[in-house]
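The block underneath contains the structure these notes are about, expressed in structure tokens.
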Amino acid sequence: MLQVPFIRENKTLVIARLAKRNIEATQIIEEVLALDEERRGIQTQLDSILAESNSISKEIGMLFKTGEVEKANALKEKTTNLKNSSKELSDKLNDTANTLNQLLYTIPNVPNELVPNGNSEDDNETVFQEGTIPQLHNDALPHWELAKKYDIIDFELGNKITGAGFPVYKGKGARLQRALIAYFLDKNTAAGYTEYQLPHLVNEASGFGTGQLPDKEGQMYHVSEDNLYLIPTAEVPGTNIFRDVILNENELPIGITGYTPCFRREAGSYGAHVRGLNRLHQFDKVEILRVEHPEKSYEALDNMVEHVKTILQELQLPYRILRLCGGDLGFTSALTYDFEVFSTAQDRWLEISSVSNFETYQANRLKLRFKNSEGKKELAHTLNGSSLALPRVLAGIIENYQTPDGIKIPEVLIPYTGFSIIN
RNA sequence: GGAGAAAUGGCAGAGUGGUCGAAUGCGGCAGUCUUGAAAACUGUUGAGGGUCACACCUCCGGGGGUUCGAAUCCCUCUUUCUCCGCCA
């Protein structure tokens, strides 16, 4: 969430930038500032009452020691009023603070100046495109047909075992999937990211820390018996490593990577665009995360974009990079680049990575800080990105690499798969 | 799942109702000494709110209660450890 002092000092900027998201925020910002002022006023009143009652208590203690019981008892009566009003004030303080926080939760991150105006994905800005779109033979098939033809992914079997959106990978399909995971992790660790294996279920505090809770619980599977959530992305357990952490400045930057399955309810999204691997309830993803010094976070974002680019270049997939417009930008992000691979057989772009800078928005919730060179505590910046999401990369590979003789395996993956063609 | 014990500052560990935000040791930081380093010595060193800065307020696993006053007493939840059971 946003920091109140930041809002106070940059009111016009905040309102102007939130307008990129097509939000008219003037009223809510004014409300936040008013509530904060109220909160501080109540706090001051409460503090002085507590100070008084503390000093009376000390006095009573002294009187008992010197045996002046009568005087002590007289003082006791004085505290009754103080107690009542401090109780009242602290209730009021809690109410005000809660109202303020509820309001802050509803305000998304302030977009970076680079974020283009716009309403929907149609207004995203293509900033880079690379790779040649292959000329496929006449009976080229979409991946779900190829999956069936070569018996590498079984969607019906997943239906039987679990339900729609839980495909079963078989034989060379399973092996290709594992190869991709290993390849991505190797690329990421070679780039300096430390590999982690993270829990696939998280508690409420973690869901809250990265902003999935309280509003987006509909997106996550919930295990009510234990009050745990299945992770929708490794971002959740990965970023929560740093909840309530104060780092030393020299520990920055931190980069971690991890492979996890991801579980998403995707309630309400059905139709032609969710066929095959395009949208699943369970899928695999390798994630990269960084904790950065505020002055260096945008350099780091560019760095992450470059890193993901090299992977797609090596896989020789045609892709493009989009800068998300205000209307399409995620709630917690200040600037996001989406990577899309072109699926030739489906004749459409598939999102395979999303790389974002959250600035202090998550860190503020997480209380992730570092001690700067002056010894003062400052919120760090968090960033993350997929490198990469498996299913659509897999779809892109099997569609773009299909030949009349079978599906070829990209050169860089052959050491990982142990075979060069699926036929 | 059953029985018992525990949870205090970065770590270890004292503190059982009244200058305790908390002894002591280690670690960290600064300095003295040294050509430099180590050792030794001296000082400093939790977090949040608040203030121009002080003052002041809150926090001893979380929540609630008793009391004029709680790290210390009571209730409850969570976690950890030991023993038993189960088990990849």
Side-chain angles (χ1 to χ4, degrees), chain A residues 1-9 32-101 103-104 197 199-209 213-214 222-229 237 240-252 254 261 291 360 362-380:
Chain A
M1 58 182 170
L2 297 178
Q3 302 169 78
V4 176
F6 177 82
I7 298 177
R8 198 164 47 219
E9 284 155 32
V32 163
L33 293 178
L35 273 168
D36 181 59
E37 193 147 339
E38 190 184 336
R39 199 212 85 224
R40 286 189 318 214
I42 299 169
Q43 180 84 62
T44 309
Q45 282 182 60
L46 176 62
D47 282 0
S48 72
I49 286 172
L50 290 174
E52 194 179 344
S53 95
N54 282 345
S55 85
I56 290 177
S57 287
K58 265 181 197 164
E59 221 176 304
I60 291 173
M62 299 299 266
L63 289 173
F64 271 120
K65 257 184 193 161
T66 52
E68 295 167 273
V69 181
E70 251 172 57
K71 273 191 182 175
N73 285 331
L75 274 179
K76 276 192 195 180
E77 281 171 30
K78 269 181 78 176
T79 61
T80 317
N81 275 338
L82 290 175
K83 266 183 126 176
N84 287 337
S85 44
S86 82
K87 177 88 180 100
E88 214 172 283
L89 275 172
S90 73
D91 286 349
K92 206 168 142 195
L93 181 68
N94 280 335
D95 286 351
T96 312
N98 283 338
T99 312
L100 174 60
N101 282 333
L103 210 55
L104 283 170
Q197 286 200 9
H200 301 167
L201 281 85
V202 292
N203 57 27
E204 265 186 325
S206 293
F208 179 81
L213 298 176
H222 182 229
V223 183
S224 57
E225 183 85 24
D226 300 290
N227 197 23
L228 297 172
Y229 295 86
N240 274 282
I241 293 172
F242 302 102
R243 176 152 42 88
D244 293 318
V245 165
I246 301 176
L247 298 159
N248 287 320
E249 191 171 23
N250 62 18
E251 291 176 86
L252 297 174
I254 293 172
V291 180
T360 58
Q362 286 183 330
N364 192 29
R365 283 191 164 203
L366 293 163
K367 296 197 175 64
L368 163 54
R369 290 158 297 170
F370 69 98
K371 271 192 185 158
N372 65 23
S373 44
E374 289 159 16
K376 291 216 167 139
K377 284 166 285 284
E378 203 179 324
L379 290 172

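Keep in mind that what you see is a predicted model, and the values were worked out from it rather than measured. To find a chain, count down the sequence lines: A is the first, B the second, and so on, and within it residues start at 1.
- Straight-line distance from the CD1 atom of A/Ile42 to the P atom of B/G50: 13 Å, rounded to whole Å.
- In this structure B/G9 sits in no base pair that meets the Watson-Crick or G-U test at under 3.5 Å.
- Pair assignment for B/C52 gives none, since no Watson-Crick or G-U wobble pairing has each distance under 3.5 Å.
- Side-chain contact between A/Leu368 and A/Leu247 is present, with at least one heavy-atom pair separated by less than 4.5 Å.
- A/Asn203 is not listed as a side-chain neighbour of A/Asn227, based on a closest heavy-atom distance of 4.5 Å or more.
- Look at B/G4: its Watson-Crick or wobble partner, with both distances under 3.5 angstrom, is B/C81.
- With sequence neighbours excluded, no residue forms a side chain to side chain donor-acceptor pair (under 3.5 Å) with A/Asn248.
- The side chain of A/Arg39 contributes no N or O atom lying less than 4.0 Å from OP1 or OP2 of B/G49.
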Close N/O contacts between protein and nucleotides 78-80 of chain B (under 3.5 Å):
none

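- Between A/Lys377 and the phosphate of B/G48, there is a side-chain N or O to OP1/OP2 separation shorter than 4.0 Å.
- By the side chain to side chain donor-acceptor pair (under 3.5 Å) test, A/His200 pairs with no residue at all, sequence neighbours left out.
- Sorted by first and then second residue, the salt bridge (Lys or Arg N to Asp or Glu O under 4.0 Å) pairs with a member in residues 77-89 of chain A read A/Lys87-A/Asp91; sequence neighbours excluded.
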Show each protein N/O and nucleotides 57-64 of chain B N/O combination with a separation under 3.5 Å, one pair to a line.
{"residue": "B/C57", "atom": "OP1", "partner": "A/Asn54", "partner atom": "ND2", "Å": "3.1"}
{"residue": "B/C57", "atom": "O2'", "partner": "A/Asp47", "partner atom": "OD1", "Å": "3.0"}

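- The partner of B/U44, taking Watson-Crick or G-U wobble pairs whose two distances both stay under 3.5 Å, is B/G28.
- Separation of atoms OG1 (A/Thr79) and CG (A/Asn84) is listed at 9.5 Å; rounding is to 0.5 Å.
- Taking atom CD1 of residue A/Ile246 and atom P of nucleotide B/C11, one finds them 12 Å apart after rounding to whole Å.
- Across B/A71 and B/C20, the matching P atoms stand 12 Å from one another, rounded to whole Å.
- Base-pair partner of B/C68: B/G18 (Watson-Crick or G-U wobble, both distances under 3.5 Å).
- Applying the ring-ring contact (aromatic ring centres under 6.0 Å, His included) criterion to A/Phe208, with sequence neighbours excluded, gives A/Tyr105.
- Listed by chain and number, the residues in a salt bridge (Lys or Arg N to Asp or Glu O under 4.0 Å) with A/Arg39 are A/Asp36 (sequence neighbours excluded).
- Nearer the 5' end of RNA chain B, as judged by each residue's closest nucleotide, is the contact made by A/Phe64, out of A/Ile56 and A/Phe64.
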Under 3.5 Å, sequence neighbours excluded: what are the donor-acceptor pairs made by side chains of residues 44-54 of chain A?
{"residue": "A/Thr44", "atom": "OG1", "partner": "A/Arg40", "partner atom": "O", "Å": "2.8"}
{"residue": "A/Asp47", "atom": "OD1", "partner": "A/Gln43", "partner atom": "NE2", "Å": "3.2"}
{"residue": "A/Ser48", "atom": "OG", "partner": "A/Gln45", "partner atom": "O", "Å": "3.0"}
{"residue": "A/Asn54", "atom": "ND2", "partner": "A/Leu50", "partner atom": "O", "Å": "3.4"}

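- The residue A/Thr44 sits apart from the nucleic acid: no heavy atom pair falls under 4.0 Å.
- Residues passing the side chain to side chain donor-acceptor pair (under 3.5 Å) test with A/Asp95: none are found, sequence neighbours excluded.
- Take A/Glu68 and apply the salt bridge (Lys or Arg N to Asp or Glu O under 4.0 Å) test, not counting sequence neighbours, and it matches A/Lys71.
- With a cut-off of 3.5 Å on both pairing distances, B/C33 has no Watson-Crick or G-U wobble partner at all.
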Any protein N or O atoms within reach of nucleotides 69-74 of chain B? Criterion: under 3.5 Å, listing atom names and distances.
{"residue": "B/G69", "atom": "O4'", "partner": "A/Ser57", "partner atom": "OG", "Å": "3.2"}

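- If you take NZ of A/Lys367 and C1' of B/G49, they are 12 Å apart, rounded to a whole angstrom.
- Under the side chain to side chain donor-acceptor pair (under 3.5 Å) criterion, A/Glu249 pairs with A/His293, not counting sequence neighbours.
- The interatomic distance linking A/Lys371 (NZ) with B/A30 (P) rounds to 13 Å, in whole Å.
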